[in-house]
Amino acid sequence: MKKLFKSGFVKLGLVVVIVGGAVAYWLMPPVAKVESAEIGKGFKVKFKTNGTHIEQFQNQSWKPYFAKGVNMGAAVPGHFPGELEIPKDDYMRWFEMIQEMGANVIRVYTILKPEFYESLVRYNAKHQDNPLFFIQGVWSPEEQLIAGQNAFDPKVKQKFEKEVQEAVEAVYGNIDLEAEAHSGKASGNYVFNAGPYLMGWIVGTEWDPVMVNKTNKNNPGAADYKGEHFQSKPGANPFEKWLAEMVDITARTEAKHGWQHPIAFSNWVTTDPLEHPGEPLVAEDMVSVDPTHIAAVDWDAGYFASYHVYPYYPDFFTFDKSFQTMKNDKGEVDSYKTYLHKLKKYHNNMPVMITEFGVPASQGIAHTGMLGRNQGGHDDKTQGEMDADMFRQIHQEGYSGAILFTWQDEWFKKTWNTMHYDIPDRRAYWYNTITNESHFGVLGMYPSKDDVIHIDGDASDWDKLDDGDKTKLDMQIEGFDEIWATHDEGYLYLLAKLSEPFEYSKNFIYFGFDTLDGGNRHAPQLQGKTLDEGLETILELGNKDKGQMMIASNYDFHTRYYGKLSNILAYDPKELQDDSGIFKPWKLVVNYLLEYPDSRVDHPFGDIEVGDLLRGTSNPQDSNYNSKAMWQAKGNVLEIRIPWMLLGFSDPSSLSAISYKDTGMKEFESVKVEGVRIVPWIVRKDSKEVIGLEGSNPYPVSKLPLYTWKRWEDLDVKYVERPKQSYSIMQKAMREVKQPVSE
């Protein structure tokens with residue numbers, strides 16, 4: 001009996017030791033270990049610059065290093081970046097995926113919560129032979145800089161210095177940051193020293209050119225900056241002298257920890273040192289922030305240049321002939337390649353990294369670019385192909401790194417040409433594929449039914465939905481045996497079981513949508529039929545490959561904003577009358593009307609249609625998968641998903657739609673709606689016969705069932721995380737690159 005008791009006691013003790021060890025592992029920070037060199041005054045260095053290259057100390061020698069990376073944001077669906085709600089489990093999973101993609105570095109823009117640094121240290125403790133490095137960004141006080149138009153304002157300078165110092169201490173696990181209400185800043189106890197896994201620093205954000213220009217004009221007597229580790233060079237403008245000090249403060253603060261890392265400041269095409277003679281906007285070529293005007297002094301890790309370079313903005317990428325002089329590997333004249341070549345040539349004595357590039361996979365488009373490299377309008381596969389092409393070009397031109405924008409989709413983002421159409425403080429709660437800024441990621445964050453309902457013409461997945469998660473619309477419509485509806489954070493879904501197979505060559509199928517009082521009660525698409533309640537939008541299916549969402553002309557946000565409110569777009573006032581009978585294509589602006597002398601050259605107003613809904617399959621397991629597929633018909637089954645904004649919703653999570661009412665200012669009013677009424681009908685192409693809409697005019701739309709849903713909040717948001725097709729395409733491109741191009 002004693003023996004059994006002793007044996008049990010030993011086993012219990014062993015369990016306690018194992019559990020205690022596991023607890024200790026998670027409570028005691030593992031020590032970050034990397035191979036490093038000691039140079040200068042005994043500083044540890046893992047990375048340093050050498051001429052135009054960055055080098056890594058590895059296997060007791062310095063070797064050329066090419067940073068293959070991704071930028072990482074601070075938010076997941078349902079949250080804004082200030083909430084910083086990314087759990088450790090997500091980080092650990094993401095780090096593995098990022099390395100599997102072939103990347104060796106992550107760039108973050110600001111101080112993240114302690115969970116990021118803890119997770120990175122713990123992850124690398126398990127991968128000591130091949131750690132994942134990171135570039136730490138320091139967020140500049142953007143709002144104060146733009147508001148005050150003077151970087152030398154003592155309050156601005158003090159705020160930036162504090163941010164620099166806190167960023168360094170957070171990286172080295174040596175600070176307790178208190179939460180600041182409504183600041184968006186991270187807080188918590190930073191005890192994990194991630195410094196050894198740092199690849200470099202990037203100080204600041206994209207600089208507003210007007211602010212830089214006014215800073216220079218307001219501080220003409222600014223003294224040259226002579227710091228301990230960095231200084232401004234002769235010819236530096238006042239803003240560059242100010243930046244030299246910010247970079248030096250970063251170096252001085254890090255030096256206290258016994259480490260040195262390469263340092264850069266953030267920059268973009270707008271404030272680059274090149275001339276863009278074909279750029280129409282004066283502000284886009286107004287002033288330079290030149291990295292060559294700052295030099296490292298007694299900083300052995302060195303200094304590099306960092307640029308964000310996209311192929312569609314500023315507009316000179318599309319219109320400036322002086323940047324259309326080189327051809328890419330496909331033999332195409334390519335302004336992006338030309339720009340990369342010129343930028344690298346200018347910085348002929350220092351390493352340069354492109355720390356943002358990419359295109360988004362979205363329905364919406366915000367700018368057009370050469371070779372179809374638009375800001376949006378791409379499916380996931382095309383996104384990957386374009387990103388991979390740019391990655392290879394950056395490498396071929398001799399850069400020291402290419403950091404893709406971005407790792408994960410972030411729903412909270414706004415875009416300049418849709419920001420008037422949504423509710424800012426609820427953007428994070430829904431998936432808006434019309435806002436392209438939300439969809440740059442190679443890790444897709446899709447709405448919750450993305451892996452439940454596949455748009456493929458097969459109704460069997462609808463059978464798997466709970467009765468409370470789908471609604472059979474109670475209406476008898478000739479040509480339609482049944483119509484079902486459901487929704488999620490991204491789309492209104494429809495399943496129509498037709499009385500006969502859909503033949504696009506013979507029939508149009510229409511779905512009208514009524515959300516508000518007003519709209520079109522007659523239209524050519526109704527073939528003489530009238531309605532008792534107007535439609536805000538309609539979907540027309542009559543083409544083999546695509547359908548088209550259209551919007552009532554008096555509801556059309558595009559015409560109202562750029563025509564009536566802004567007097568930029570010509571329009572017929574009759575179009576803004578209720579029941580105009582006109583449905584217009586759904587459009588977004590891609591560039592404003594620019595006229596001399598406000599611009600260098602006259603530049604016409606530009607817009608683009610974004611209401612085309614592609615036919616295809618949204619099943620990612622299907623070889624014909626297309627992330628932009630919005631409808632499919634097979635036999636008698638028709639499946640459709642419609643982006644919320646194309647239906648006029650400014651926030652589906654609160655059942656808010658844009659009102660018909662004009663506020664008298666350049667903004668739209670949102671109103672709560674009860675839901676949406678769906679009006680289906682069929683038109684024979686040859687005879688123009690209408691099937692559906694039976695009975696005498698007007699047809700009683702107001703009597704049709706209302707599809708409605710409950711308001712949802714942040715905690716209700718669900719999403720599907722899945723690597724996009726662009727992930728595997730970028731994986732191939734990244735794995736091809738081992739080191740930088742030799743010069």
Side-chain angles (χ1 to χ4, degrees), residues 51-54 64 66-68 267-281 284-285 288 290-292 304-360 367-375 377-378 382-405 590-591 600-601 603 726 729-730 732-734 736-743:
T52 59
H53 288 299
I54 292 176
F66 186 81
K68 306 177 289 182
N267 211 354
W268 59 325
V269 177
T270 295
T271 52
D272 72 6
L274 303 182
E275 293 291 329
H276 319 131
E279 170 56 44
L281 273 176
E284 295 297 341
D285 212 16
S288 293
D290 191 337
T292 68
F304 67 101
S306 164
Y307 284 92
H308 301 168
V309 184
Y310 293 93
Y312 45 73
Y313 186 83
D315 284 331
F316 76 82
F317 276 104
T318 303
F319 302 108
D320 191 336
K321 298 298 182 183
S322 69
F323 282 88
Q324 297 177 14
T325 59
M326 297 183 68
K327 293 183 178 181
N328 58 30
D329 292 343
K330 300 174 183 176
E332 303 162 319
V333 173
D334 193 337
S335 59
Y336 193 75
K337 182 175 180 65
T338 308
Y339 179 84
L340 290 175
H341 183 79
K342 289 187 176 186
L343 186 70
K344 182 66 172 64
K345 185 178 180 180
Y346 182 89
H347 300 78
N348 59 359
N349 292 315
M350 66 188 302
V352 190
M353 290 175 58
I354 302 302
T355 49
E356 278 191 21
F357 71 97
V359 296
H367 290 101
T368 57
M370 276 194 77
L371 306 178
R373 294 190 191 124
N374 301 333
Q375 186 182 354
H378 309 296
T382 304
Q383 175 198 37
E385 291 167 347
M386 290 182 173
D387 286 353
D389 281 347
M390 287 183 280
F391 176 84
R392 293 186 178 103
Q393 287 187 17
I394 293 166
H395 178 252
Q396 289 166 3
E397 288 298 326
Y399 285 81
S400 295
I403 313 297
L404 178 69
F405 186 82
V590 290
N591 58 261
R600 288 168 159 177
V601 294
H603 194 52
S726 52
I729 296 170
M730 281 302 300
K732 182 177 184 298
M734 285 189 171
E736 290 171 355
V737 172
K738 307 299 181 184
Q739 60 184 30
V741 173
S742 300
E743 294 190 15

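Every heavy atom of this structure was used, including side-chain atoms; hydrogens, water molecules and symmetry mates were not.
Considering CD of Glu279 and OG of Ser322, their distance stands at 11.0 Å, rounded to 0.5 Å. From Thr271, atom OG1 reaches atom OH of Tyr307 across 7.5 Å, with rounding to the nearest 0.5 Å. In this structure, CG on Asp320 lies 9.0 Å from OG on Ser335, to the nearest 0.5 angstrom. Taken from CD1 in Ile354 to CG in Leu340, the straight-line distance is 5.5 Å, to the nearest 0.5 Å. From Gln383, atom CD reaches atom NE2 of His378 across 8.5 Å, with rounding to the nearest 0.5 Å.
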Problem set entry | Residue pair Met350, His53: steps toward the side-chain contact (heavy atoms from CB on, under 4.5 Å) verdict | CA-CA 7 Å; Met350 66 188 302; His53 288 299; over 6 Å; no

Problem set entry | Chi angles and distances behind the side-chain hydrogen bond (donor to acceptor under 3.5 Å, both in side chains) call for Tyr313, Glu284 | CA-CA 10 Å; Tyr313 186 83; Glu284 295 297 341; 2.2 Å; yes

Problem set entry | Tyr346/Asp272 under side-chain hydrogen bond (donor to acceptor under 3.5 Å, both in side chains): CA gap, chis, key distance, verdict | CA-CA 10 Å; Tyr346 182 89; Asp272 72 6; over 6 Å; no

Exercise. Between Lys337 and Lys327, is a side-chain contact (heavy atoms from CB on, under 4.5 Å) present by the stated rule, with each step listed?
Worked result: CA-CA 7 Å; Lys337 182 175 180 65; Lys327 293 183 178 181; over 6 Å; no

Problem set entry | Residues Trp268, Val309; criterion side-chain contact (heavy atoms from CB on, under 4.5 Å); working and verdict | CA-CA 6 Å; Trp268 59 325; Val309 184; over 6 Å; no

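Between Asn328 and Leu371 the shortest side-chain heavy-atom distance falls below 4.5 Å. Looking at Pro291 and Asn267, their side chains come closer than 4.5 Å, going by heavy atoms from C-beta outward. With contacts defined as side-chain heavy-atom distances shorter than 4.5 Å, the pair Phe66/Lys68 qualifies. Looking only at side-chain heavy atoms (C-beta outward), Ile403 and Glu356 stay at 4.5 Å or farther from each other. Side-chain contact between Pro740 and Ser400 is absent, with no heavy-atom pair separated by less than 4.5 Å. Under the 4.5 Å side-chain criterion, counting only non-hydrogen atoms from C-beta, Val269 is in contact with Pro314.
With hydrogens and angles disregarded, no donor-acceptor distance shorter than 3.5 Å links the side chain of Thr52 to the backbone of Asn349. A distance-only check finds a donor-acceptor pair linking the side chain of Thr338 to the backbone of Asp334 [under 3.5 Å]. Between the Gln324 side chain and the Thr318 main chain, a donor and an acceptor come within less than 3.5 Å of each other.
Salt bridge Asp285/Arg600: present, at least one basic N to carboxylate O contact under 4.0 Å. Taking the charged nitrogens against the carboxylate oxygens, Asp389 and Lys330 do have a contact shorter than 4.0 Å, which makes a salt bridge. The pair Asp387-Arg392 does not meet the salt-bridge criterion, since no charged nitrogen lies less than 4.0 angstrom from a carboxylate oxygen.
The heavy-atom pair separating His347 from Ala305 by the smallest distance is CD2-CB, 4.0 Å. Heavy-atom minimum distance, Asn374 versus Gly369: OD1-N, 2.9 Å. For the pair Val359 and Pro311, the tightest heavy-atom approach, listed with the atom from each and the gap, is CG1-CG, 4.2 Å. In terms of heavy-atom proximity, His395 sits nearest to Gln739 at NE2-O, 2.8 Å. Taking every heavy atom of both residues into account, Asn348 and Lys345 meet most closely at CB-O, 3.4 Å. In plain terms, the two heavy atoms of Pro351 and Gly51 that are nearest each other are CD-O, 3.2 Å.
Taking the six-membered ring where the residue is Trp, Tyr336 and Phe317 present tilted rings, their angle falling between 30° and 60°. Ring orientation note: the planes of His276 and Phe316 are close to parallel, at an angle under 30° on the 30°/60° scale.
Aromatic rings from Phe357 and His308 are positioned such that their centres are separated by 6.0 Å or more.
Each of Thr355, Leu343, Val741 was scored for a side-chain contact (heavy atoms from CB on, under 4.5 Å) with Tyr399, with one residue passing: Leu343. Of the residues listed (His341, Gln393, Glu332), the one engaging Met326 in a side-chain contact (heavy atoms from CB on, under 4.5 Å) is His341, and it is the only one.
Side chain to side chain, Gln375 and Tyr310 fail the donor-acceptor criterion of an N or O pair below 3.5 Å.
Cation-pi geometry between Lys342 and Phe323 is satisfied (NZ or CZ under 6.0 Å from the ring centre, within 45° of the ring normal).
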